[in-house]
Amino acid sequence: MGRGELSFERGGALSAAPLPRGFFDRPSHEVAPDLLGRVLVHGPVAVRLTEVEAYGGPGEDPAAHTYRGRTPRNAVMFGPPGHLYVYFTYGMHFCANLVCLPEGSGSAVLLRAGEVVAGVSEARARRSPGKPAASGAEPAPGDARSAGEARSAGEARSAGDARLAGDARPAGRRIADRDLARGPARLAVALGLLREHNGLDAVIDGSPAGRPHQSAAVLEGRPADPDLIRSGPRTGISTAKDTPWRFWIDGDETVSPYRAHVPRRRSAAATSVGEAPRS
DNA sequence: GGTCTGATTGACT
DNA sequence: GTCAATCAGACCC
C-alpha cells in the first residue's frame, strides 16, 4: 500500500503515511497525546489509538518499569525510539508500549485502548473462544506464531497461553466491537502482540519494500481533535498516582474505564500457618 | 532460595 | 461491587 489515504473497514479514511522515528524521539508525556488517533498496524489488524499512558525514565517515574534502572525485562525500553516494548504481566496478559526518547532513556507510552479499524474478524477471532480462526487468523506473513500455537496440539498449556489462543471464555458470546481493543491486554491480543514481538520496530524507515519482514507500523491516521483530548491519573498503579499522564479521547466508546490501584489482600496461606495454599 | 507484587481481566454476587 | 487466576520479575534475607 502506498502513501496517502487508506480506507479502513472502520473509521473511514485515515492517513496511511508512517510516522517517522523522530515522532517518538520526544518525552513520553509529549508523545502520548500525539499518539491519540494514530493507527498501529500489526499484520492484518489495525487499531486507532484512543487511550494511552506515558511512563518516564529511571529515577524519574516511580510507576515506570525502568524506575530502578535497566534489567533484562525492560531492556527494550532503553533501546531506540519507535520500538515495541511488550511485557507479560499478572501471569496471563501482555501489554504493549512504544519506546520514546533516544536510546538509553528508558521511557515509553503504554497503549491502553483503541478502535479496531482493520482486521476486525481477525481481532475478534483472537479475542473469541472456540473458533478455528483463533489459531488461523495469525500469522501475517513474517509474524511469529503465538505461544499457544507454537505448541503441539494436546500439550498442556498455561492459562495464559490458553487465553492467548482464545479458549479461556465460554463459547458463544460475541464481543462488542468497542471491546475488541478496550484495555491494554485486550489491545495486545487483538493486535496479536506477544512476547516474541518485544523489541519489534514500529517505524518504517525508507520504503516499506526495503523492509519486507517488518510487520508493525504506526501510521498518521487521523490525529485526535485537541479539544477532545483529556488527561488524568494513570490506571492501576500504586505509586505516582497524581501524575496526570493518562491521555484519552473524550467521549470515545473504546476508552477503558478508569480503575484505581487495588492493593492485593494477603492470602490466607501467606498470613497463617497450616492453611491450604492458594488455589 | 523464598516471598511478594503487578501498567489486567473475566466471572460471579 | 468482589475475587481469583497465574507467573515473571524484583526484592529481601
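Every chain is numbered from 1 and lettered A, B, ... according to where its sequence line falls, protein lines coming before strand lines.
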[X] has an atom [atom1]; how far is it from atom [atom2] of [N], in whole Å?
X: Tyr55(A); N: dG6(B); atom1: OH; atom2: P; result: 12 Å
X: Tyr90(A); N: dT8(B); atom1: OH; atom2: C1'; result: 6 Å
X: Leu110(A); N: dG6(B); atom1: CG; atom2: P; result: 16 Å
X: His93(A); N: dA7(B); atom1: NE2; atom2: C1'; result: 12 Å
X: Arg195(A); N: dA8(C); atom1: CZ; atom2: P; result: 7 Å

message: Can you tell me whether the side chain of Tyr87(A) and the base of dA7(B) have a donor-acceptor pair closer than 3.5 Å?
response: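 Such a pair is found, so the answer is yes.
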With a 4.0 Å limit, can you tell me whether [X] has a side-chain N or O closer than that to the phosphate oxygens OP1/OP2 of [N]?
X: Ser238(A); N: dG6(B); result: yes
X: Arg186(A); N: dG10(B); result: yes
X: Arg112(A); N: dT8(B); result: yes
X: Arg259(A); N: dG1(C); result: no
X: Thr89(A); N: dC7(C); result: no
X: His261(A); N: dG6(B); result: yes

- prompt: What does dA7(B) pair with, Watson-Crick or G-U, if both distances are under 3.5 Å?
  reply: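 By the stated definition (distances under 3.5 Å), nothing pairs with dA7(B).
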- request: Once you apply the 3.5 Å cut-off to both distances, tell me the Watson-Crick or G-U wobble partner of dT6(C), or none.
  value: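 The base-pairing partner of dT6(C), which may sit in any strand shown, does not exist here.
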- request: With the side chain counted from C-beta on, respond yes when Asp242(A) and Pro233(A) share a heavy-atom pair under 4.5 Å apart, and no when they do not.
  value: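 No, too far: nothing below the 4.5 Å cut-off.
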- request: Please check if the side chain of Ser15(A) supplies one atom and the backbone of Ala17(A) the other of a donor-acceptor pair under 3.5 Å.
  value: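 It does hold such a pair.
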query: Which residues satisfy the side-chain contact (heavy atoms from CB on, under 4.5 Å) test with Ala63(A), sequence neighbours excluded?
result: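 So Ala63(A) forms a side-chain contact (heavy atoms from CB on, under 4.5 Å) with Tyr55(A), Asp61(A), Arg234(A), Ile237(A), Thr239(A), Ala240(A).
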Need one value for [X]: base, sugar-phosphate or nothing, where a base atom within 4.0 Å counts as base even if backbone is also close, heavy atoms only.
X: Ile237(A); value: sugar-phosphate
X: His65(A); value: base
X: Ala185(A); value: sugar-phosphate
X: Arg73(A); value: sugar-phosphate

- request: Counting heavy atoms from C-beta on, name the nucleotide in dG10(B), dA7(B), dT6(C) closest to the side chain of Met92(A).
  value: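 Selected nucleotide (nearest to the side chain): dT6(C).
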query: Is there aromatic stacking of Phe88(A) against dA8(C), centre distance under 5.5 Å, plane angle under 30°?
result: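 Check failed, Phe88(A) does not stack on base of dA8(C).
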field: Point-to-point distance, once rounded to the nearest 0.5 Å, from CG of Asp34(A) to CZ of Phe24(A)
entry: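 Separation between the atoms: 10.0 Å.
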Heavy-atom pair of closest approach, residues Pro81(A) and Arg21(A):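 Pro81(A) and Arg21(A) have their closest heavy atoms at O-NH1, 2.9 Å.
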